[in-house]
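Written below as structure tokens is the structure these notes are about.
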Amino acid sequence: MKMSINRRQISRRSILAGAAALGLTSTLAACGGSDDDSGGSDSGPVKLTYWSWAPNMEKVAAIWNKKNPDITVTVSKQASGGEIVSKLITAKKAGNAPDLIQVEYQSLPTLVSNDVLADITKYAGDTKSQFAEGLWGMVTLGTDALYAIPQDAGPLMFYYREDLFKKHGLTVPKTWTEFAETARAAKKAVPDAYLTTFSANDPGLFAGLAQQAGGKWWTVDSAGKWTVGIDDAATKKVAEFWGGLVQEGVIDNQPMYTPAWNNALNKGTHLAWVSAVWAPGVLVSSAPDTKGKWRMAPLPQWKSGDNVTGSWGGSSTGVSTDSKHAEAAAKFATWLNTDPEALAALVKEVAIYPAATKGQSGDVLTTPEFFSNQADFYTTAGEIAATTAAAAWGPNVNTAYTTFQDAFGKASKAKKETQFDSALATMQSKTFGDMKKQGFEVTEA
């Protein structure tokens with residue numbers, strides 16, 4: 001999904017238009033090192049601050065610092081999610097945002113619209129070839145600007161208990177129609193179990209499934225007018241599909257990450273899990289007794305023969321508009337996410353799945369212990385990652401996500417497909433209303 005903008009100058013103004021209406025930006029020219037000389041060539045020792053929530057990121061920065069004594073990067077540990085976004089916006093208003101920022105993909109439009117992130121095209125634009133097209137689209141927001149360098153990816157996949165599938169004669173689904181058939185067969189074979197659950201406590205999975213289906217939740221035109229289309233046909237298809245299976249009773253309706261959910265995975269009363277490439281790390285703690293019993297396959301497709309996935313999670317490295325050393329900061333951000341030694345350190349120390357395609361293979365990515373029965377785990381993961389669809393995020397993702405948790409939480413408890421439909425309509429209405437209230441020029445799809 002790409003926003004319909006072609007020229008970089010127009011795109012920057014489009015994204016900032018709503019924020020400007022609220023007085024959140026001082027001038028349009030303030031955003032982006034590409035339009036002024038504030039981030040020009042750095043001479044002499046440069047000290048940069050990097051806000052990141054990733055564990056052990058300082059160990060990776062230490063490798064850079066040893067090799068680049070004239071550009072020293074200090075990592076400042078921060079909370080993730082909405083907390084770091086709010087803190088960054090506050091810091092920007094005070095004029096003291098850090099040089100470098102770890103940014104989740106869905107938070108990029110919010111930070112761009114609040115003039116936090118600089119356009120680093122002239123410093124790092126030549127790195128495009130090192131990333132899958134879909135991931136690159138998430139850091140350019142579908143424009144010719146570049147607001148961050150992709151760091152890690154979270155392509156969606158299908159995880160299943162290989163032993164239980166064999167025991168009960170279940171078929172690994174290649175399409176969502178087959179997924180529904182497998183869910184029914186699993187319920188028939190093991191009445192007290194489910195194929196998996198629909199969880200309303202993490203909107204990221206639903207967003208990724210809508211992304212795979214072709215959903216376009218936010219788009220913006222060259223004049224700066226946003227369109228909110230969360231209840232588009234593609235996303236309705238996803239909501240009705242899962243709502244129908246929950247109503248039918250062949251998919252559970254319990255939230256993820258709870259003791260009950262952990263127990264279902266560990267005891268085998270949940271036979272599968274639609275998740276991302278980072279799932280093995282969760283299974284280690286959530287289902288410790290199932291080591292070597294899981295297997296991973298590509299996400300089921302809506303149409304037989306298609307080959308596309310969505311993403312759940314992932315982050316990037318951006319440079320703030322407050323940085324006095326944008327060129328040096330962009331140089332570090334590029335090294336961090338493309339240099340072989342840096343990528344190896346990110347895998348080893350930070351335990352991420354690199355966004356750079358060359359970081360998705362090689363000796364450093366050893367088969368997860370939990371998947372000792374699938375030696376080609378990362379080979380398959382790399383092939384899946386390359387098919388990631390681009391996501392079009394908007395400036396008020398937090399509103400959409402909070403509404404999802406409430407509305408879909410009620411719908412899943414009610415076990416009514418019609419309530420899944422109304423929950424999606426609620427997401428649409430509240431997200432649109434919030435953007436209008438904030439002063440964005442916005443319409444509905």
Side-chain angles (χ1 to χ4, degrees), residues 1 106 156 158 173 175-184 187 194-219 226-256 261 272-275 299-303 306 308-312 389 391-394 396-437 442-445:
M1 311 180 259
Q106 69 267 23
L156 288 175
F158 180 71
T175 66
W176 287 112
T177 298
E178 292 177 3
F179 179 93
E181 293 169 353
T182 300
R184 296 181 185 110
K187 193 65 179 172
Y194 296 91
L195 179 62
T196 188
T197 189
F198 177 87
S199 174
N201 66 344
D202 194 326
L205 175 55
F206 182 78
L209 292 171
Q211 178 187 345
Q212 183 215 20
K216 298 181 180 180
W217 287 9
W218 287 270
T219 52
W226 287 88
T227 298
V228 178
I230 292 176
D231 64 346
D232 62 9
T235 309
K236 278 185 179 179
K237 178 171 63 176
V238 175
E240 290 171 357
F241 175 80
W242 287 91
L245 293 178
V246 169
Q247 179 174 309
E248 191 178 334
V250 296
I251 291 293
D252 201 359
N253 65 339
Q254 298 304 308
M256 298 178 289
W261 179 75
W273 183 26
V274 176
S275 190
L299 198 65
Q301 302 293 306
W302 285 104
K303 182 180 178 182
D306 282 355
V308 62
T309 192
S311 60
W312 182 7
W393 301 108
N396 63 339
V397 171
N398 284 349
T399 297
Y401 274 17
T402 300
T403 306
F404 171 88
Q405 291 172 317
D406 178 56
F408 276 89
K410 293 174 182 175
S412 59
K413 285 182 181 178
K415 297 184 179 182
K416 298 289 185 183
E417 182 183 335
T418 54
Q419 281 199 230
F420 276 69
D421 258 338
S422 60
L424 190 62
T426 299
M427 270 185 80
Q428 169 72 20
S429 175
K430 292 201 172 183
T431 303
F432 170 74
D434 177 67
M435 285 191 69
K436 201 168 183 179
K437 183 179 179 181
V442 60
T443 186
E444 295 187 89

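If you're wondering where the values come from, they're calculated on a predicted model, not measured in any experiment.
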Open item on the list: I'd like to check the salt bridge (Lys or Arg N to Asp or Glu O under 4.0 Å) partners of E444; sequence neighbours left out, ordered by chain and number.
Closed with: none
Task: Heavy-atom side-chain proximity of E181 to P173 below 4.5 angstrom - done: no
Task: Exercise: do W217 and Q106 side chains pair donor with acceptor under 3.5 Å - done: no
Open item on the list: Is the ring pair W312/W273 parallel, tilted or perpendicular, if the boundaries are 30 and 60 degrees?
Closed with: perpendicular
TODO: Output the distance between atom CD (Q247) and atom CH2 (W242), rounded to the nearest 0.5 Å.
DONE: 15.5 Å
Open item on the list: So which atom in A414 and which in Q419 form the shortest heavy-atom distance, rounded to 0.1 Å?
Closed with: CB-OE1, 3.2 Å
Open item on the list: Has Q301 got a side-chain atom pairing as donor or acceptor with L299's backbone, closer than 3.5 angstrom?
Closed with: yes
Task: Shortest non-hydrogen separation from L156 to G208 and the atoms involved - done: CD1-C, 3.6 Å
- [ ] Please tell me if the side chains of V250 and L195 come closer than 4.5 Å, counting only heavy atoms from C-beta onward.
- [x] no
Open item on the list: Nearest 0.5 angstrom please: D421 CG to K416 NZ, how far?
Closed with: 14.0 Å
- [ ] Return yes if a side-chain donor-acceptor contact under 3.5 Å exists between W218 and N396, otherwise no.
- [x] yes
Task: Any donor-acceptor pair under 3.5 Å from T227 side chain to A445 backbone - done: no
Open item on the list: Does K430, at its NZ atom, have more than 12 non-hydrogen atoms belonging to other residues, nucleotides or ligands within less than 6.0 Å?
Closed with: no
Task: Nearest atoms (heavy-atom pairs only) where T399 meets T403 - done: O-OG1, 2.8 Å
Task: Shortest non-hydrogen contact from Q212 toward P300 - done: NE2-O, 2.8 Å
Task: Over all atoms of both residues, closest heavy-atom pair of F198 and F206 - done: CE1-CD1, 4.2 Å
Open item on the list: Quick check against the 3.5 Å criterion: does Q254 have a side-chain atom that pairs as donor or acceptor with the backbone of W261?
Closed with: no
Task: Q428 vs V228 side-chain heavy atoms within contact, under 4.5 Å - done: yes
- [ ] Determine yes or no for a side-chain-to-main-chain donor-acceptor pair under 3.5 angstrom, with D231 supplying the side chain and A425 the backbone.
- [x] no
Task: Derivation of the side-chain contact (heavy atoms from CB on, under 4.5 Å) call for F420 and L424 - done: CA-CA 6 Å; F420 276 69; L424 190 62; over 6 Å; no
Open item on the list: Measuring from atom CG of N201 to atom CD of Q405, what distance do you get when rounded to the nearest 0.5 angstrom?
Closed with: 7.0 Å
Task: Check: I230 and F404 side chains under 4.5 Å, non-hydrogen atoms - done: no
Task: F408 side chain near S199 side chain, heavy-atom distance below 4.5 Å - done: no
Task: Gap separating the OG1 atom of T197 from the CE atom of M256, nearest 0.5 angstrom - done: 8.0 Å
TODO: Answer yes or no: is there a side-chain heavy-atom contact under 4.5 Å between L245 and Y194?
DONE: no
Open item on the list: Are W226 and F432, when compared by the centres of their aromatic rings, separated by less than 6.0 Å?
Closed with: no
Open item on the list: Any non-hydrogen side-chain atom of F158 less than 4.5 Å from a side-chain atom of T196?
Closed with: no
TODO: Check whether the side chains of T431 and D434 place a donor and an acceptor atom closer than 3.5 Å, and report yes or no.
DONE: no
Open item on the list: Quick check: closest heavy atoms across V246 and S412, and the distance to 0.1 Å?
Closed with: CG1-O, 4.1 Å
TODO: Not counting sequence neighbours, which residues clear salt bridge (Lys or Arg N to Asp or Glu O under 4.0 Å) with K410? List them please.
DONE: D406
Open item on the list: Can you classify the ring geometry of W302 versus F241 as parallel (below 30°), tilted (30 to 60°) or perpendicular (above 60°)?
Closed with: perpendicular
